[in-house]
Every structure is written in C-alpha cells, then in structure tokens.
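Report on the following structure.
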Amino acid sequence: MVCLIAGDDQLRRLNREFRGRDYATDVLSFPGEPGEMAISFDAAKRQAAEYGHSVAEEIAILMLHGMLHLLGMDHETDGGEMSRAERKWRGRLGLPAGLIERVSA
C-alpha cells in the first residue's frame, strides 16, 4: 500500500482527474495492486483542530477510512458495513470519532 500525503491543491487535482469532482477532499483511495491513497495534510490540520485531537490522530483516521475503501467497502452503498468496521477498528486503535461517524452525528 502506498500513501501520498500532500496539500489541498494536489488532492483537488487528483479528485478532478479521477472522480470528476473539482474540489479538494481529505482522502482518496485508488484500488489496485498496490492499493494507493492520498491524504490532504491541509485538511488533516483543519479537521484535527475542529475535532480537538492531534494531526497524527487525524491522519490515522483518514488512513483507516482509506484502507476500508481499498478493501472494497463503500459507506454510500453498503448499508452500514463500512461504518461498523470503521467504528470497530477505531476502538481497537484508540482513535477518536471517524469520518462516517462525524457525518452521521
């Protein structure tokens, strides 16, 4: 697995190029061999400040979310499977609230 940590500008370019969405996002996953993901350090800093934890914890949350996507999960279509997996792994890893949980709250 490869993980690129870059700025909002690069995540916006990747999101536009691969998903046709012209905005920066916090994490993108690219299934394949090897699986790849890209994380916005700028978004991680903002979200860590917003939710009151460290940037390192936010990057771990984003990596977990991206990894679950690389495993084929999709929180938009899987009836809660990814949400349950994210919650389980956050607990095991001692991480604060994950991306899906924040949106659902």
Side-chain angles (χ1 to χ4, degrees):
M1 200 269 306
V2 175
C3 181
L4 168 72
I5 298 178
D8 279 346
D9 290 344
Q10 190 160 3
L11 269 282
R12 180 179 182 173
R13 183 186 61 74
L14 291 169
N15 202 19
R16 182 177 53 242
E17 183 177 336
F18 291 99
R19 298 180 68 222
R21 298 179 179 177
D22 191 18
Y23 56 86
T25 188
D26 50 7
V27 60
L28 289 170
S29 298
F30 304 96
E33 196 56 47
E36 299 178 1
M37 74 177 76
I39 291 173
S40 168
F41 186 77
D42 299 328
K45 284 192 307 187
R46 284 191 305 273
Q47 290 168 190
E50 180 178 351
Y51 293 104
H53 51 256
S54 71
V55 175
E57 286 175 309
E58 186 63 24
I59 289 173
I61 290 166
L62 295 171
M63 289 183 80
L64 171 59
H65 189 85
M67 183 62 69
L68 293 174
H69 276 303
L70 290 176
L71 292 171
M73 295 182 183
D74 185 350
H75 51 88
E76 294 180 4
T77 62
D78 69 10
E81 178 186 8
M82 185 172 171
S83 178
R84 289 186 295 277
E86 188 175 271
R87 190 176 315 112
K88 177 181 95 173
W89 283 104
R90 274 189 315 91
R92 288 184 178 180
L93 297 169
L95 296 173
L99 298 183
I100 299 169
E101 188 175 56
R102 293 177 198 167
V103 173
S104 301

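Just so you know, residue 1 is the first one in the sequence shown, and it goes up from there. Worth saying up front: this structure is predicted, and the values here are computed from it rather than measured.
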Subject >> Residues which pass side chain to side chain donor-acceptor pair (under 3.5 Å) with Arg21, listed by chain and number, not counting sequence neighbours >> reply: none
Subject >> Asp78, CG: over 12 other non-hydrogen atoms inside 6.0 angstrom >> reply: yes
**OP:** Search all heavy atoms of Tyr23 against all heavy atoms of Asn15 and return the closest pair with its distance.
**Re:** O-ND2, 2.9 Å
Original post:
Does some side-chain heavy atom of Gln47 sit less than 4.5 Å from a side-chain heavy atom of Leu62?
Top reply: yes
**OP:** Could you list the residues that satisfy salt bridge (Lys or Arg N to Asp or Glu O under 4.0 Å) with Arg46, not counting sequence neighbours?
**Re:** Asp8
**OP:** Would you sort out whether His65 and Met37 count as a side-chain contact (heavy atoms from CB on, under 4.5 Å), showing the intermediate values?
**Re:** CA-CA 10 Å; His65 189 85; Met37 74 177 76; over 6 Å; no
Original post:
Between Ser29 and Gly66, which heavy-atom pair has the shortest distance, and what is it?
Top reply: OG-O, 3.0 Å
Original post:
Among all residues two or more places apart in sequence or in another chain, which pass the side-chain contact (heavy atoms from CB on, under 4.5 Å) test with Ala85?
Top reply: Leu68, Met73
**OP:** Could you list the residues that satisfy side chain to side chain donor-acceptor pair (under 3.5 Å) with Glu76, not counting sequence neighbours?
**Re:** none
Original post:
Taking all non-hydrogen atoms of both residues, which atom of Pro96 and which atom of His53 are closest, and how far apart?
Top reply: CG-ND1, 3.5 Å
Original post:
Remaining members of Leu11's ILVMFWY cluster at a side-chain heavy-atom cut-off under 4.5 Å?
Top reply: Leu4, Leu14, Phe18, Leu28, Phe30
Subject >> Pairs flagged by salt bridge (charged side-chain N to carboxylate O under 4.0 Å, His left out) wherever residues 34-45 is involved - sequence neighbours left out >> reply: none
Original post:
So how far is it from Leu95 CG to Glu58 CD, rounded to the nearest 0.5 Å?
Top reply: 9.5 Å
Subject >> Separation of Leu64 CG from Arg90 CZ (nearest 0.5 Å) >> reply: 8.5 Å
Subject >> Nearest heavy-atom neighbours spanning Ser40 and Gly7 >> reply: OG-C, 4.0 Å
Subject >> Step-by-step side-chain contact (heavy atoms from CB on, under 4.5 Å) determination, Asp74 to Met82 >> reply: CA-CA 6 Å; Asp74 185 350; Met82 185 172 171; 5.6 Å; no
